[in-house]
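Below is one structure, written out as structure tokens; the observations come after it.
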8 protein chains.
Amino acid sequence: MHKPRVAIIIGSKSDLDLMREAANVLDEFGVDYDMRVLSAHRSPDAAREYALSAESRGIEVLIAGAGAAAHLAGFLAAHTVLPVVGVPVDSSPLRGLDALLSTVQMPPGVPVAAMAVGKAGARNAGFFAVQILGRGDPGLVAKLKEHRVKMQQEILSIEL
Amino acid sequence: MHKPRVAIIIGSKSDLDLMREAANVLDEFGVDYDMRVLSAHRSPDAAREYALSAESRGIEVLIAGAGAAAHLAGFLAAHTVLPVVGVPVDSSPLRGLDALLSTVQMPPGVPVAAMAVGKAGARNAGFFAVQILGRGDPGLVAKLKEHRVKMQQEILSIEL
Amino acid sequence: MHKPRVAIIIGSKSDLDLMREAANVLDEFGVDYDMRVLSAHRSPDAAREYALSAESRGIEVLIAGAGAAAHLAGFLAAHTVLPVVGVPVDSSPLRGLDALLSTVQMPPGVPVAAMAVGKAGARNAGFFAVQILGRGDPGLVAKLKEHRVKMQQEILSIEL
Amino acid sequence: MHKPRVAIIIGSKSDLDLMREAANVLDEFGVDYDMRVLSAHRSPDAAREYALSAESRGIEVLIAGAGAAAHLAGFLAAHTVLPVVGVPVDSSPLRGLDALLSTVQMPPGVPVAAMAVGKAGARNAGFFAVQILGRGDPGLVAKLKEHRVKMQQEILSIEL
Amino acid sequence: MHKPRVAIIIGSKSDLDLMREAANVLDEFGVDYDMRVLSAHRSPDAAREYALSAESRGIEVLIAGAGAAAHLAGFLAAHTVLPVVGVPVDSSPLRGLDALLSTVQMPPGVPVAAMAVGKAGARNAGFFAVQILGRGDPGLVAKLKEHRVKMQQEILSIEL
Amino acid sequence: MHKPRVAIIIGSKSDLDLMREAANVLDEFGVDYDMRVLSAHRSPDAAREYALSAESRGIEVLIAGAGAAAHLAGFLAAHTVLPVVGVPVDSSPLRGLDALLSTVQMPPGVPVAAMAVGKAGARNAGFFAVQILGRGDPGLVAKLKEHRVKMQQEILSIEL
Amino acid sequence: MHKPRVAIIIGSKSDLDLMREAANVLDEFGVDYDMRVLSAHRSPDAAREYALSAESRGIEVLIAGAGAAAHLAGFLAAHTVLPVVGVPVDSSPLRGLDALLSTVQMPPGVPVAAMAVGKAGARNAGFFAVQILGRGDPGLVAKLKEHRVKMQQEILSIEL
Amino acid sequence: MHKPRVAIIIGSKSDLDLMREAANVLDEFGVDYDMRVLSAHRSPDAAREYALSAESRGIEVLIAGAGAAAHLAGFLAAHTVLPVVGVPVDSSPLRGLDALLSTVQMPPGVPVAAMAVGKAGARNAGFFAVQILGRGDPGLVAKLKEHRVKMQQEILSIEL
């Protein structure tokens, strides 16, 4: 058993299924992660503690998924200098435009790396975390390149 | 000298002129306030401490003004059960739609009272704080009613 | 039997189920309320009379929920200096963006406290009314703090 | 001196210049009008009285121009069965999208005829009022046709 | 059998059910109408002929309902000085925002009276046509006032 | 002197400067064009005649630039089977979103080729017309390829 | 068997059903086409090769359909001077507004002809390709005119 | 002299001033970078070559800034598995909403880390690149923490 290198923080239990897509990608790449539900608004102290201690626990990248006024990624980013990847979830009647703007429009000095709204973004949060980890892990880079080849092959093999 | 009953928290020094409109209204109603710059992202611990201790220091209403991914009002609301009034500031290229959605789309249990984008909202944050304080202060209610009469008179006295 | 302290005004019978969320929250906090359907456009005189007399009948906060060109909260706010909380309902094809902008963009001097679009906003209108009433009712403040603790516990107890 | 047939109601003194465009068109067609500033939020009783008595004073069409949460046209329409024409004014940071949605998204039974945002809409409110009055006034219809011919000639005479 | 006073023009057969709401209102008020499908883009000559000859055939108001790049109301308005009422239909993936902007943003001199997006707008097109016809028909005005009373009674009779 | 192969139709004199960008591109490629102001709403018969006769006069591509409820390109497309290229002009307070949706959201069978909003779109209307003409004119294709090479060289020669 | 004159490139297998609408139109007009799935992001080299060689293989028009950050049409346009027609697909939670803006807002020199979002746009991509090919093929122009007549007849034959 | 670890790619010379903000941040942290103008649409081969060879030249993070249909970041991401950070530039009439959606809405497998629109995003692209590099460079992490302290001090030292 290994120490998790990535944290996947989910703002609400209802966003769990969508955010499992990020976990699935990390599983495909053999990256250990810690996944839990923490809310910037309903459990701020726990979220703060998690972010403050993440680096010392060996976490290298944080992924945060939230909907509506999606402050979670920005909240975590305010409490750590680790890279934070934000996934806007389309759970409100405004279909994720609110979550996207709340996630991406961060002020200078405290960036969040916003992914696409919804499922595509959840998967890409996983891929992007692997790309970051790949900076110090040539094995992951090799796997990323294999995955690119596989994606291309899948597309080129489609027969209409 | 009196203890402040309202806190006006401003997310960035550049939003100061706009948020002074809230202070101007409180001045007109003789309500003492504490105004300062605190950022949910750049000074989260100070903002947290401020919100956690606001009630014990006699603060009864918090006003927060911020632009872009405007998390400030929600951040404060997560750390106090005092009413929090949010002013979306139109300081980003998206002209305040980002700040509005980031301020208003709060999850159940942690409300923020969103005002209009920009100057109108800053002034109304002041008025709304007075309306809240008016629940325990008949003098403020009387002043609010006088102000309504005065507004109406101003409008009806316009000659075209 | 107690006199209601909060009024929940609903712009259309079709918004009733959604707005019951506000009533549910008030029930949880033991706050009496008066709930009825009144339209700013289809029954303006009744809505006006209601707002004008609300204060003398002991109402301390008004909650208004409406969709589309959601004028109801602003209409009530124009006829009372009591705090008015507005819930934008996502009942039109534009999914609540129309109701949000119609509710929140009030002119200086006549504020409406806008909540989130839809169900989250309806629940938060209840919470925000309790926060306002809490200014003169320490028992409600205590209950609000208990609710915060409970929310946090629920989140932290989620096992993935 | 004639009795005015059209009322031009302006929600704020700051919208006066823009709304004069409606008056200019009525002047071009020789239609008498009554123009004044009345606010649905800051002088609701005066606005209500105006709308309730408009028909008996000989008004046949009401034009209302307002910005932000532009409730004015809908407010007037709620108090009269005369046709109400609404002009969304682009005076807020959201550039008139708020005023447009607040004006046009009226519920069944209480229509408002929305014009374009800003100056084009103010002028067209004048033209549309003339078109309505033309239903009982063949002289106005003749003038409208002349104006169409003139517009076409102006366009066709442009030399590049 | 009477000559129709109102024309209801529908841009596409798929919008027929929605636009019948306008016809239903006219039926309630005993106003005769001519309803047909004509497209500004797919049958422009027939739509042009219809608009050019509408006045001489006794038509007093045109209602046009269309989705997407909803040019129909503006197209008709370009060919007649009769009042044209436009209903934006939410038939495209953009949910009617496209139809609303295409209908309402008309240039000076050629107004279209835009109603709400979708079913509410279709019904209101009927009401607004009756309001226009009411300028020369006191019986219709009396019916409109009766309808207002009835709407109010329906709302006030709702028991929660 | 040559017969024009492209028509540049401008909806309003105020859009002339912007639409000259399309003409400038055609000049660069040596393509003759006919440029004039014609409005779908203010001079519909002239616009219709122009579109109906364009093919017989040797026109091969129509470019139309208009703002607000930008029906011009669609109007022309309804009267010809020649390719019509539409340029949404950002002349209204809504900054061209209205013109874009009015131009691009055409119904099946009557396409308009929408370009970008504003100046970029005006220039690209010229380029796209040349690309269409290039289908039967290898000289134009060669020039287009030269232009691509030149664009790339310009970019690669920028020294920072 | 003939050489294809049109290429239909689809960014994702999930967009295949929608993009078959473009192929159906080409079938109706007897235009041969080559349809395949190629992604600007997941198979960029294959997409590049396709675009670079399209002209020499006899392709005269490229149609590209993609959703979300719909770069496909622009990617192809960057690698060929053949006309490229883009179809924004409404496959993301943002319902195609993302795909529309990503497709249409191309920089000067590299145009994409954007069609409507979704099915209407897919069909119109087929029609527009035929209109382009018609510049050198009078038979196609005759068929386009027949189709226009047929569309008009279908509309005029609708009985309500 | 050191080998650059970060590439800053700018889609257009007109975006240079804004994107220098990213370079300024890297300068503050002592990170070497290579900055140049390369367009996904106007110099695709050069951009492709740059992305394909970036890893072997020692580049660890790519920053791309572009406006309108901002494909640049996604284009680079399609040709490398290095992390790509995208800055949406507000250079078109649509004020950066187009660039934001074009940058962030990437398909699964090819992520782009989107920053805020405009200047805030350009600066944050620099900070986020440093955060990524910090994964293998404790000195950068220490500097990031110092910067956080400094930001907080600056905010707390503001006197009103």
Side-chain angles (χ1 to χ4, degrees), chain F residues 5 21 25 55 60-61 77-86 88 96-97 100-101 103-137 140-148 150-152 154-155, chain G residues 5 21 25 55 60-61 77-86 88 96-97 100-101 103-137 140-148 150-152 154-155:
Chain F
R5 302 180 68 189
E21 298 283 346
V25 171
E55 188 183 357
E60 296 182 65
V61 181
H79 293 92
T80 182
V81 297
L82 292 173
V84 176
V85 182
L97 184 64
L100 172 57
L101 298 181
T103 298
V104 76
Q105 290 291 81
M106 291 292 289
V110 190
V112 163
M115 299 289 124
V117 177
K119 186 174 168 182
R123 283 191 68 77
N124 269 348
F127 282 108
F128 197 74
V130 174
Q131 288 182 332
I132 294 173
L133 297 177
R135 292 305 79 226
D137 187 338
L140 286 178
V141 173
K143 283 185 188 174
L144 283 164
K145 290 177 181 172
E146 284 167 28
H147 181 263
R148 290 283 171 100
K150 197 176 136 206
M151 278 201 305
Q152 175 158 319
E154 280 174 5
I155 283 180
Chain G
R5 304 179 67 189
E21 297 283 346
V25 171
E55 188 183 357
E60 297 182 65
V61 181
H79 293 92
T80 181
V81 298
L82 292 174
V84 176
V85 182
L97 184 64
L100 172 56
L101 298 181
T103 298
V104 75
Q105 290 290 82
M106 292 291 289
V110 190
V112 163
M115 300 288 123
V117 177
K119 186 174 169 181
R123 282 190 69 76
N124 269 348
F127 283 109
F128 197 73
V130 174
Q131 288 183 331
I132 294 173
L133 296 178
R135 291 306 75 225
D137 187 337
L140 285 179
V141 173
K143 282 185 187 172
L144 282 164
K145 290 177 180 172
E146 283 167 28
H147 181 263
R148 290 283 171 101
K150 196 177 138 208
M151 278 201 306
Q152 176 158 319
E154 280 173 5
I155 283 181

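Numbers restart at 1 for each chain; the letters A, B, ... are given by sequence-line order, proteins then strands.
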Requested in this report: Please tell me if the side chains of Leu100(F) and Leu101(G) come closer than 4.5 Å, counting only heavy atoms from C-beta onward.
Outcome: yes
**Report entry** Option that, when pairs with chain G are counted at under 4.5 Å, heavy atom only, ranks first among Gly121(F), Pro107(F), Gly136(F), Pro83(F)
**Finding:** Pro83(F)
**Report entry** Region of Val61(F) that comes under 4.5 Å of a non-hydrogen atom in chain G
**Finding:** neither
**Report entry** Leu82(F) portion near chain G, given a 4.5 angstrom heavy-atom threshold
**Finding:** both
**Report entry** Option in Ala78(G), Ala120(G), Gly109(G) with maximal non-hydrogen atom pairs under 4.5 Å from chain F
**Finding:** Gly109(G)
Report task. Check each atom of Ala122(G) against the heavy atoms of chain F and say whether the ones under 4.5 Å are side chain, backbone, both or neither. Result -> neither
Requested in this report: Answer with side chain, backbone, both or neither: which region of Val25(G) has an atom nearer than 4.5 Å to a non-hydrogen atom of chain F?
Outcome: neither
Query raised in the report: Mind checking whether Met151(G) and Pro108(F) have side chains closer than 4.5 Å, heavy atoms only?
Result: no
**Report entry** Residue part contacting chain G, namely of Glu55(F), when any heavy atom lies under 4.5 Å
**Finding:** side chain
Query raised in the report: Do you know which two heavy atoms are closest between Ile132(G) and Phe128(F), and how far apart they sit?
Result: CD1-CZ, 4.4 Å
Query raised in the report: Where does Ala125(G) contact chain F at under 4.5 Å (heavy atoms): side chain, backbone, both or neither?
Result: neither
Query raised in the report: Hey, is the main chain of Thr80(G) close enough, under 3.5 Å, to the side chain of Arg148(F) for a donor-acceptor pair?
Result: yes
Requested in this report: Return the option, out of Arg135(F), His147(F), Arg123(F), with the maximum number of heavy-atom pairs under 4.5 Å with chain G.
Outcome: Arg135(F)
Query raised in the report: Considering all heavy atoms of both residues, which atom of Asn124(F) and which atom of Val110(G) are nearest to each other, and what is their separation?
Result: OD1-N, 3.5 Å
Requested in this report: Name the member of Pro88(F), Ala113(F), Ala116(F), Pro111(F) that forms the most heavy-atom pairs with chain G at distances under 4.5 Å.
Outcome: Pro111(F)
**Report entry** Atom group of Val112(F) that falls short of 4.5 Å from chain G, counting heavy atoms
**Finding:** backbone
